[in-house]
Amino acid sequence: MPTITLPDGSLKKFEQSVSVLDVASDIGPGLAKATFAGKVNGCLVDASFLIEQDSTLAIITGRDPEALELLRHDAAHIMAQSVQEIFPGTQVTIGPAIEDGYYYDFARDEPFTPDDLVLIEKRMHEIVKRDLPIVRQVLDRDEAKKIFSDLGETYKVEIIEDVIPVGEEVSIYKQGDWFDVCRGPHLPSTGKLGNGFKVMKVAGAYWRGDSKNVMLQRIYGTAWPDKKQLKAYLHRIEEAEKRDHRKLGRQLDLFHLHEEAPGSVFWHPKGWTLFRKLLDYMRFRQDNAGYIEVSTPDVMDRSLWETSGHWDNYRENMFTTQTEDDRVFALKPMNCPGSVMMFAQGLKSYRDLPLRMAEFGKVHRYEPSGALHGLMRVRHFTQDDAHVYCTEAQMEQECIDVVALVLDIYKDFGFEEVVIKLSTRPENKIGSEEVWDKLEGALSNALDTMGLDYVLYPGEGAFYGPKLEFVLRDAIGRDWQCGTLQVDMNLPERFDISYVAEDGSKKRPVMLHRALFGSLERFIGILIEHYEGKFPLWLSPVQAVVINITDKQGDYAKNIEKMLKKQQIRAISDLRNEKIGFKIREHTLQRIPYMLVIGDREMEEGKVAVRSQGGDDLGVMPVEQFIELVNNQSGY
RNA sequence: GCUCAUGUAGCUCAGUCGGUAGAGCACUUCCUUGGUAAGGAAGAGGUCACCGGUUCGAUUCCGGUCAUGAGCUCCA
């Protein structure tokens with residue numbers, strides 16, 4: 001005789017066990033029809049779930065946020081059914097709901113073609129129309145294994161054996177003749193999926209995410225409560241693609257990439273201006289934060305890389321070169337060994353610590369060809385790197401300072417929400433547990449002291465030390481690591497560096513590796529997308545363009561350009577024999593913040609007519625006034 | 001590196017069921033001197049990614065390589 005408490009606090013008493021759906025029906029037939037699932041005592045369950053005892057219950061309908069995940073998981077099942085109906089012999093593996101949609105991994109020798117995807121989607125709509133009831137069934141473990149192995153579903157057997165913990169019940173979900181091993185919950189019937197879904201693309205994916213395993217075919221799809229939301233999503237993607245830094249990079253003439261130098265950037269004048277302005281900015285910030293700046297060699301002898309451990313641990317990622325005298329050199333993939341050499345030069349005292357040594361180092365890494373991606377993932381990039389040498393006692397405060405600095409810098413670019421990841425000791429770590437306790441403690445204490453949330457990634461740290469990663473998101477929702485902070489007691493050891501302590505003894509410093517933008521290339525890629533090419537004035541490669549209306553004002557316009565340049569304003573003039581509307585359009589599309597229009601009137605009065613990139617008419621003013629306007633906006 | 005797809009003019013893309021190619025924009029020249037998001041005309045521009053194979057003939061079909069794209073794995 002369960003008493004059920006609903007979210008509004010009202011009570012319902014029943015004579016016997018009732019299903020979620022029964023309760024919904026009891027409240028009203030409309031609600032029953034809309035019921036997707038239930039939440040009993042906080043646990044998401046099927047609509048058919050039987051409530052035997054006093055419980056709290058929330059009916060989940062299509063409007064609840066929890067429904068979306070169920071919907072997407074159902075879409076994955078329906079897609080799997082569709083695939084197996086059309087392509088018998090295809091094995092199913094796993095198919096979860098993900099952000100914005102779902103995927104399902106299949107094992108099949110023949111590749112799925114784009115045409116196949118169309119067929120699969122069509123069949124999915126049919127299965128939805130069939131409105132098959134989705135029924136949960138609990139099986140005995142061995143029985144389940146036998147069923148799937150008789151079907152030739154070897155991956156499912158492996159899942160039952162390895163993934164589902166012994167003792168947990170093995171449940172299958174059945175829709176029509178088709179069924180799948182699944183924890184659930186699911187919607188009451190296939191019809192509930194509606195028509196707000198779409199099969200998107202196919203890609204390879206390793207079985208259980210391990211590159212040593214066979215590659216499966218993963219079909220991605222998106223699913224929404226209705227067609228309108230699906231359309232809105234597709235539109236959102238389209239809009240995001242317009243921000244793609246590769247597209248804007250070309251349109252705004254910032255950079256290009258070339259086949260002969262895969263993964264390396266040719267910076268055009270405008271893109272290089274951006275680059276330089278970012279360096280200026282970072283130098284300003286670092287100077288204020290007590291850093292010094294150095295520069296170390298790009299090419300160094302193999303022996304150095306052996307000492308640092310890179311030759312053993314990072315060899316396959318390094319570019320090497322052999323000279324006439326048979327010496328082997330490597331292009332630096334990281335700046336740290338050079339930095340340590342710099343520290344090692346000359347005697348260091350405890351008075352020198354913390355020593356914050358920055359370097360805008362260009363590093364070369366031989367990245368797998370399939371990993372390259374515009375500016376985001378390249379083989380040659382510039383880090384705003386720094387290494388902080390300090391005592392163990394100073395370590396935590398230095399970490400706090402770095403985290404505060406990086407977040408403050410991101411704020412200057414409008415990145416308020418930054419995901420912080422903490423990666424801890426991996427299996428192949430070097431050094432004792434005590435050292436790792438200290439290093440990890442330094443990072444987590446720093447975050448705790450600052451009251452910052454972070455996501456823990458156990459076992460993901462570098463072999464020499466744990467790390468913090470600061471993650472920003474690109475236009476189409478992909479996450480990119482930018483800043484990083486790592487603590488390291490290994491490299492100082494390997495290079496045997498020391499400082500002279502107060503008591504005259506030699507002591508080993510702790511080393512912090514940190515980068516704030518991370519890679520200048522990647523950060524610029526993210527900025528292009530973040531601003532959609534409309535950079536703040538101080539970053540804008542061209543800040544103002546002077547436009548004449550007819551040839552008559554050519555000399556005057558040229559003169560204005562000169563005056564602006566003299567004031568350090570990045571100005572160009574456009575004296576082409578084109579109509580004013582044409583020039584305005586072009587420079588608007590080029591995202592130039594200010595357009596100065598010069599006609600006879602302006603020329604006679606010695607003024608300029610100012611128009612903003614956004615199309616606002618800022619009126620006619622003397623050049624001096626415009627210069628002041630720019631100067632007022634050019635700060636960081 | 002792995003899977004799938006793609007590679008035609010500076011850019012965006014047509015096209016050739018195998019007979020060495022086309023549009024728009026951009027570019028050059030000319031006309032136009034026009035007041036805030038595209039004025040008009042003409043011209044030039046391509047070893048159809050590269051290397052092999054099949055064929056009388058390959059940009060087109062097949063194979064390989066390279067690059068790019070979407071993912072996977074890996075990482076700033």
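Below, chains carry the letters A, B, ... as their sequence lines are ordered, and counting in each starts from 1.
Checking the phosphate oxygens (OP1, OP2) of U3(B), no side-chain nitrogen or oxygen of Q217(A) falls inside 4.0 Å.
With rounding to whole Å, I237(A) atom CD1 is found 12 Å from A70(B) atom P. When rounded to the nearest whole Å, the span between CD1 of I580(A) and C1' of G39(B) equals 14 Å. Rounded to an integer number of Å, the gap from I584(A) CD1 to U36(B) P is 9 Å. Summarising the geometry, the separation between NZ on K607(A) and C1' on U36(B) is reported as 18 Å, rounded to the nearest angstrom.
Shortest non-hydrogen contact noted between C399(A) and A442(A) is CB-O, 4.3 Å.
Listed by residue number, there are no residues of residues 271-281 of chain A with a heavy-atom contact under 4.0 Å to RNA chain B.
Among the heavy atoms of the strands, none lies under 4.0 Å from G483(A). At the heavy-atom level, R250(A) lies under 4.0 Å from the strands shown only through sugar-phosphate atoms.
Using a 4.0 Å cut-off between charged side-chain N and carboxylate O, K332(A) and E359(A) make a salt bridge. Checked for salt-bridge contact, E239(A) and R236(A) miss the test: no charged N lies under 4.0 Å from a carboxylate O. Under 4.0 Å is where a charged nitrogen must lie from a carboxylate oxygen, and between R356(A) and E398(A) at least one such pair does.
Counting distance only, with no hydrogens placed and no angle test, the side-chain atoms of Y206(A) and the base atoms of G71(B) include no donor-acceptor pair under 3.5 Å. A donor and an acceptor atom never sit less than 3.5 Å apart when one is taken from the side chain of R218(A) and the other from the base of C4(B). No hydrogens or angles were tested; on distance alone, nothing pairs the side chain of E367(A) with the base of G1(B) as donor and acceptor under 3.5 Å.
Residue-nucleotide stacking is not present for W480(A) and A76(B), judged by a side-chain ring centre under 5.5 Å from the six-membered base ring centre and planes under 30° apart.
The side-chain hydrogen bond (donor to acceptor under 3.5 Å, both in side chains) test applied to K201(A) returns no partner, not counting sequence neighbours. Contacts of Q286(A) classified as side-chain hydrogen bond (donor to acceptor under 3.5 Å, both in side chains), with partners at least two apart in sequence or in another chain: none.
Comparing A76(B), G71(B), U68(B) against the side chain of K467(A) picks out A76(B) as the nearest. Checking G34(B), A76(B), G71(B) against every side-chain atom of F381(A), the shortest atom distance belongs to A76(B). The side chain of T550(A) has U33(B) as its nearest neighbour among U33(B), C75(B), U36(B).
Screening residues 92-116 of chain A for ring-ring contact (aromatic ring centres under 6.0 Å, His included) gives F87(A)-F112(A), Y103(A)-Y220(A), Y104(A)-F106(A), F106(A)-F112(A) as the qualifying pairs, with residues at least two apart or on separate chains.
In RNA chain B, runs of at least 3 consecutive Watson-Crick or G-U pairs, each pair with both distances below 3.5 Å, span B:1-7 with B:66-72, B:10-13 with B:22-25, B:27-31 with B:39-43, B:49-53 with B:61-65.
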Taking only distance into account, with no hydrogens and no angle test, what donor-acceptor pairs under 3.5 Å do side-chain atoms of residues 253-269 of chain A form with protein atoms, sequence neighbours excluded?
unit_1	atom_1	unit_2	atom_2	d
H256(A)	ND1	H268(A)	NE2	3.4
H258(A)	ND1	E260(A)	N	3.1

